[in-house]
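Below: the structure, in C-alpha cells.
In this text, all values refer to a predicted model and were calculated from it rather than measured experimentally.
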There are 2 protein chains.
Amino acid sequence: MQLFWRQGYEATSLQELLDEMRLSKSSFYQAFGSKHALFGRCIDRYRDSLASGMQQQLEAAPRAWDFIAGILNSVAGETQGEDARRGCLVMNTASEFGQSDAEVAARVKAGAARFRKVFLQAVKRAQAEGDIPTERDPGLLADYLVTNMSGLRTLTKAGASAAAIRRIAGVTLSALR
Amino acid sequence: MQLFWRQGYEATSLQELLDEMRLSKSSFYQAFGSKHALFGRCIDRYRDSLASGMQQQLEAAPRAWDFIAGILNSVAGETQGEDARRGCLVMNTASEFGQSDAEVAARVKAGAARFRKVFLQAVKRAQAEGDIPTERDPGLLADYLVTNMSGLRTLTKAGASAAAIRRIAGVTLSALR
DNA sequence: TTTAATATGGACCTTTCAGTCCATATTTAG
DNA sequence: CTAAATATGGACTGAAAGGTCCATATTAAA
C-alpha cells in the first residue's frame with residue numbers, strides 16, 4: 001500500500017512489491033492472485049483506515065469546525081518529512097485511472113463516498129454547533145470539502161509550500177460560513 | 001500530447017505515440033530524442049495553448065467574473081463527449097510524478113504559475129468591476145482558484161456528474177465574494 | 001513417525017518496454 | 001544530372017515487465 005501510495009500503480013513494479021513484502025513470487029501469487037488484485041485490496045484498506053481515523057478525529061474534536069479546519073490545514077504538514085507529497089491514494093488513483101478500469105473506478109468512487117460521509121457528519125455537527133449556517137446544504141458542502149482536499153493535495157504534489165497550503169485552506173474554510 | 005493527456009506518461013507506450021504520429025521509430029528519435037523529451041515539449045505546448053486560450057476568453061468576457069464562473073463551470077462539460085474526464089495535463093503530471101523528476105516538476109510548477117497568472121488578472125479585474133471585494137488578496141484567490149480547478153477535475157475523474165460539478169463550483173465561487 | 005497439506009524459492013515463459021543501428025529512399029542544392 | 005544531406009523503414013538489442021510452474025521445504029495432523 002505504501003508503494004502504490006508513493007508511486008502509483010503502473011510505476012510500482014512487482015519486484016518492488018516483493019522486496020518490500022519480503023515475499024517470493026510464488027507466495028505472492030498464491031496469497032494475492034495478481035498485482036491488480038493486491039492493488040484493489042490496498043485501496044480498500046487505505047479507505048477504511050483513513051476514514052476510520054478521520055471519524056475518530058471528528059469524535060475527539062471539541063467542535064466539528066476544529067476538525068474540518070484541522071483536516072484542511074493538515075495537508076500543509078504533508079509537504080515535509082519522509083512521506084512528503086504522496087497525496088491521497090484514492091484521489092491519486094482517480095487521477096491515474098480515471099474511468100478506464102471499471103473495477104478500480106468503483107473502488108475510487110466508494111473511497112470518495114466514504115470521505116464525503118465523514119465530512120457530511122462534520123458539517124451537520126458544525127451546523128448544530130452554530131459554526132456553519134443551517135441553511136447551507138450539508139451534502140453540497142461535504143462535496144466541496146472533498147474537492148478542496150483533493151485540490152490542496154495536488155497543489156502539494158505540484159510543489160506548493162506549507163504556508164501557501166495553509167493560506168488557501170483558509171479561503172476554503174471561509175466559504176462554509 | 002493528446003495521448004499523454006488522456007493516459008499519462010507511463011501508461012502511454014512509444015508504440016502508441018508512433019502510431020498516432022504516423023512516424024517510424026528512427027524518425028521519432030531523430031526528431032524528439034526520447035519519449036521523456038517529447039513529454040516535456042508536450043507539457044510546454046499544453047501550458048502555452050491553454051493559458052493563451054484562457055487569456056483570450058478573459059479578454060472577450062464582458063465581466064471578469066463571468067470568465068471565472070465560466071471556467072469553473074466548464075469542468076462540468078468535461079464529463080461528457082469524446083475526450084471526457086481526461087483532466088488537465090499539468091495537474092495530471094503533478095499527480096503522476098510529484099517531485100520525483102526534477103525536470104518534470106519544474107515544468108509542472110511553470111504550468112501552475114501560468115494558470116495562476118491568468119486567474120490573478122481575472123480576480124484583479126473582477127475587483128475593479130466591483131464583483132470581488134478589493135480587500136481580498138488577489139494572489140491568494142488566484143491560488144484558491146487553481147486549487148479548485150484541480151480539485152473539480154479530479155472529482156470528474158472520480159466519476160462525479162456534471163450537475164455535481166456545477167453545484168460545487170457554485171460553492172467555490174461563493175468564497176470570492 | 002508417517003502422511004497429508006501448505007508454503008516457498010527459483011527457474012522459466014511470453015510479451016512489451018524504450019532505444020540503437022544501418023541500409024535504402026527521398027529530397028535539396030549546385 | 002550529380003552529389004550531398006536528410007528522412008525513413010525495419011531489423012535488432014538488452015532489460016524489465018507480469019505471470020506460471022514445479023520440485024523442495026516446512027508445517028500440522030494422525
Side-chain angles (χ1 to χ4, degrees), chain A residues 1-47 86-87 89-90 92-108 111 157, chain B residues 1-47 86-87 89-90 92-108 111 157:
Chain A
M1 190 188 86
Q2 298 291 336
L3 284 171
F4 286 137
W5 191 357
R6 255 181 265 144
Q7 308 177 336
Y9 179 77
E10 285 280 358
T12 300
S13 72
L14 195 61
Q15 197 52 55
E16 287 176 293
L17 292 168
L18 299 183
D19 291 348
E20 195 73 16
M21 299 169 103
R22 279 164 224 256
L23 230 51
S24 73
K25 238 176 216 192
S26 41
S27 304
F28 176 90
Y29 277 96
Q30 177 175 300
F32 302 106
S34 70
K35 184 189 172 188
H36 193 269
L38 172 66
F39 184 60
R41 293 182 58 179
C42 286
I43 295 182
D44 290 349
R45 185 174 192 83
Y46 177 88
R47 183 229 305 138
R86 61 183 168 176
L89 177 58
V90 169
N92 291 353
T93 303
S95 179
E96 181 175 355
F97 284 82
Q99 300 292 307
S100 68
D101 181 315
E103 236 177 279
V104 170
R107 282 194 150 91
V108 164
K157 287 201 159 195
Chain B
M1 190 188 85
Q2 299 291 336
L3 284 170
F4 286 137
W5 192 357
R6 256 181 265 144
Q7 306 176 338
Y9 179 76
E10 284 280 357
T12 300
S13 72
L14 195 62
Q15 197 51 57
E16 286 176 293
L17 292 167
L18 299 183
D19 291 348
E20 195 73 14
M21 298 168 103
R22 279 162 223 256
L23 230 51
S24 72
K25 237 175 217 193
S26 41
S27 304
F28 176 90
Y29 276 97
Q30 177 176 299
F32 301 106
S34 70
K35 183 189 171 187
H36 193 268
L38 172 66
F39 184 61
R41 293 182 57 180
C42 286
I43 295 183
D44 290 348
R45 183 174 193 83
Y46 176 88
R47 182 228 307 135
R86 60 184 168 175
L89 177 58
V90 170
N92 291 352
T93 303
S95 179
E96 181 175 353
F97 284 83
Q99 300 292 307
S100 69
D101 181 315
E103 236 177 278
V104 170
R107 282 193 150 91
V108 164
K157 289 202 158 197

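- Using a 4.5 Å heavy-atom threshold, the side chains of B:D101 and B:H36 count as touching.
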**Message:** Working note: A:W5 + A:N92, criterion side-chain contact (heavy atoms from CB on, under 4.5 Å); need CA distance, chi angles, decisive distance, verdict.
**Reply:** CA-CA 8 Å; A:W5 191 357; A:N92 291 353; 4.1 Å; yes
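- Looking at A:R41 and A:D44, no side-chain N of the basic residue comes within less than 4.0 Å of a carboxylate O on the acidic one, giving no salt bridge.
- Distance B:F28 CZ to C:dT20 P: 11 Å, rounded to the nearest Å.
- No side-chain heavy atom of B:F97 sits under 4.5 Å from any side-chain heavy atom of B:R107.
- Annotation: the terminal axes of the helix from C:dT1-D:dA30 to C:dG30-D:dC1 meet at 10°, where each axis is the rotation carrying the C1' atoms of four end pairs onto the next four (5 pairs per end, rounded to 10°).
- Here chain B contacts DNA chain D (any atom closer than 4.0 Å to a heavy atom, that is under 4.0 Å), and the contacts span D:dA7 to D:dG10 from 5' to 3'.
- Remark: C1' of C:dC21 and CD of B:Q30 are 13 Å apart, rounded to the nearest angstrom.
- Proximity of B:E96 to A:E10: side-chain heavy atoms (C-beta onward) are nowhere separated by under 4.5 Å.
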**Stepwise side-chain contact (heavy atoms from CB on, under 4.5 Å) check, A:E16 with A:D19** = CA-CA 5 Å; A:E16 287 176 293; A:D19 291 348; 5.7 Å; no
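- Shown for residues 6-20 of chain B: residues whose heavy atoms fall under 4.0 angstrom of DNA chain C, namely B:T12, B:S13, B:L14.
- Between A:L38 and A:F4, the closest side-chain pair of non-hydrogen atoms falls below 4.5 Å.
- Between A:Y9 and A:F39, the two ring planes are tilted [angle within 30° to 60°].
- Scanning all heavy atoms of the two residues, the minimum distance from B:V108 to B:A94 falls at CG1-CB, 3.7 Å.
- Shortest non-hydrogen contact noted between B:A105 and B:G98 is CB-O, 4.0 Å.
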